[in-house]
Structures are given as structure tokens and as C-alpha cells.
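The first residue of the sequence shown is numbered 1, and numbering continues consecutively from there.
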Amino acid sequence: MPRGFDRERTNIHKLQYHFIWCPKYRKSVLEGEVRDRLEALIEEKADELDLEILELAIRPDHVHLFITGAPTLAPNKIMQQIKGYSSRRLRDEFDFGLPSLWTRSYFVSSAGDVSSEVIEEYIDSQAGE
């Protein structure tokens, strides 16, 4: 098995996602105790979903999360779980004065070790076999 890949009973994979999301109206509310609590909540939910956090950066007005996980969980479901869980818990514990904690939007990008050109070359090379 190639180094850095995860093996399960029916597949071998290496899926990494970079997510970015922000509070409603891009308010700078993710500081101090809120920041620390959000970090703990994201770690809890990642453990529950069997995701590995590669990098987490919480800025006052946005969050960067770089994770790896199994192909059984789609990126939109990951965000739904993390944002929903953290919003409920943080809103119970802190008063933000916002109608909801997070915007409905987020950014996601996949990351990998090979470029699209390498994949295309590999597929083309298989046609001759």
C-alpha cells in the first residue's frame, strides 16, 4: 500500500479537505474563551466522525480546518455536523447577539499528493494495456 494512504476493508484512500467558514456578518467573536471552547468542540466532533485534524486555525472572524477522513462521509456532511454541533453548544454557553452563529456558506477544497496532469497521464497510459 502506498505510504500515507488509509486502508479499509473495501478501499484504500487519502482524502484531505480544507474548510473555511465564518460567523454571521463576519463578526470577530472567536476570541479568548470562545476560541478555546470552539477548538475543543471541533476536536470532539472530529473524533466522533473519525476524522483526523491535520491543522486547525481559529481567527477572530473565521476558521480554517484541514482534515483527513474516510470516503464514507461527504464534505457537506462534515460541515453540517461540525457547524451544527459547535453552533448549538457555543450559543448555549455564550451570548453572541447574532441570529445564528455561522453563515450558511463555507469554502472547501480537496488536497492531494498528485496533480490532475499526473492522473490524466496515468489514465491515458492504462488505455494501451
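Side-chain atoms of Arg88 come within 3.5 Å of backbone N or O of Gly84 as a donor-acceptor pair. With hydrogens and angles ignored, the 3.5 Å screen pairs no side-chain donor or acceptor of Arg59 with any backbone N or O of Leu30. Of the possible donor and acceptor atoms, none in the side chain of Thr68 sits under 3.5 Å from a partner among the backbone N and O of Gln16.
Side-chain contact between Leu15 and Leu73 is absent, with no heavy-atom pair separated by less than 4.5 Å. Counting only heavy atoms from C-beta outward, the side chains of Leu56 and Glu39 approach each other to under 4.5 Å.
Asp61 CG to Glu31 CD: the interatomic distance, rounded to the nearest 0.5 Å, is 9.0 Å. The CZ atom of Arg89 sits 11.0 Å away from the CZ atom of Phe94 when rounded to the nearest 0.5 Å. To the nearest 0.5 Å, the span separating OG on Ser86 from CZ on Arg91 amounts to 11.0 Å. We find the CZ-OG distance between Phe96 and Ser87 to be 8.0 Å, quoted to the nearest 0.5 Å. Considering CG of Leu101 and CG of Leu90, their distance stands at 6.0 Å, rounded to 0.5 Å.
Both Leu49 and Val108 are members of a single hydrophobic cluster when ILVMFWY side chains are connected at heavy-atom separations under 4.5 Å. Residues Tyr106 and Ile20 fall into different hydrophobic clusters, defined by Ile, Leu, Val, Met, Phe, Trp and Tyr side chains chained together at heavy-atom separations under 4.5 Å. Leu98 and Trp21 end up in the same hydrophobic cluster when Ile, Leu, Val, Met, Phe, Trp and Tyr side chains are linked at under 4.5 Å. The hydrophobic cluster containing Val63 also contains Tyr25, counting ILVMFWY residues as joined when their side-chain heavy atoms lie under 4.5 angstrom apart, directly or transitively.
Within a 6.0 Å sphere centred on CG of Asp95, heavy atoms belonging to other residues, nucleotides or ligands number 12 at most.
The aromatic rings of Phe19 and Tyr17 sit tilted, their planes meeting at an angle between 30° and 60°. Ring geometry for Phe66 against His18 counts as perpendicular: the plane angle is over 60°, on a 0 to 90° scale with 30° as the lower cut.
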Could you pull out every donor-acceptor pair under 3.5 Å between side chains of residues 76-83 and any protein atom, sequence neighbours left out?
unit_1	atom_1	unit_2	atom_2	d
Lys77	NZ	Gln80	OE1	3.4
Gln81	OE1	Lys45	NZ	3.3
Lys83	NZ	Thr103	O	2.8
Lys83	NZ	Ser105	O	3.1

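A salt bridge does not link Arg37 with Glu33: every distance from a Lys NZ or Arg NE/NH1/NH2 to an Asp or Glu carboxylate oxygen is 4.0 Å or more.
Side chain to side chain, Tyr85 and Glu44 meet the donor-acceptor criterion of an N or O pair below 3.5 Å.
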Should Glu52 and Leu54 be marked as a side chain to side chain contact (heavy atoms under 4.5 Å, CB included) after you check the CA-CA gap, both sets of side-chain angles, and the distance that decides it?
CA-CA 6 Å; Glu52 179 185 350; Leu54 303 172; 3.8 Å; yes
Can His62 and Arg26 be said to form a side chain to side chain contact (heavy atoms under 4.5 Å, CB included), step by step?
CA-CA 7 Å; His62 67 283; Arg26 194 114 186 194; 3.3 Å; yes
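When all heavy atoms of Pro99 and Lys24 are compared, the pair lying nearest together is CG-CE, 4.3 Å.
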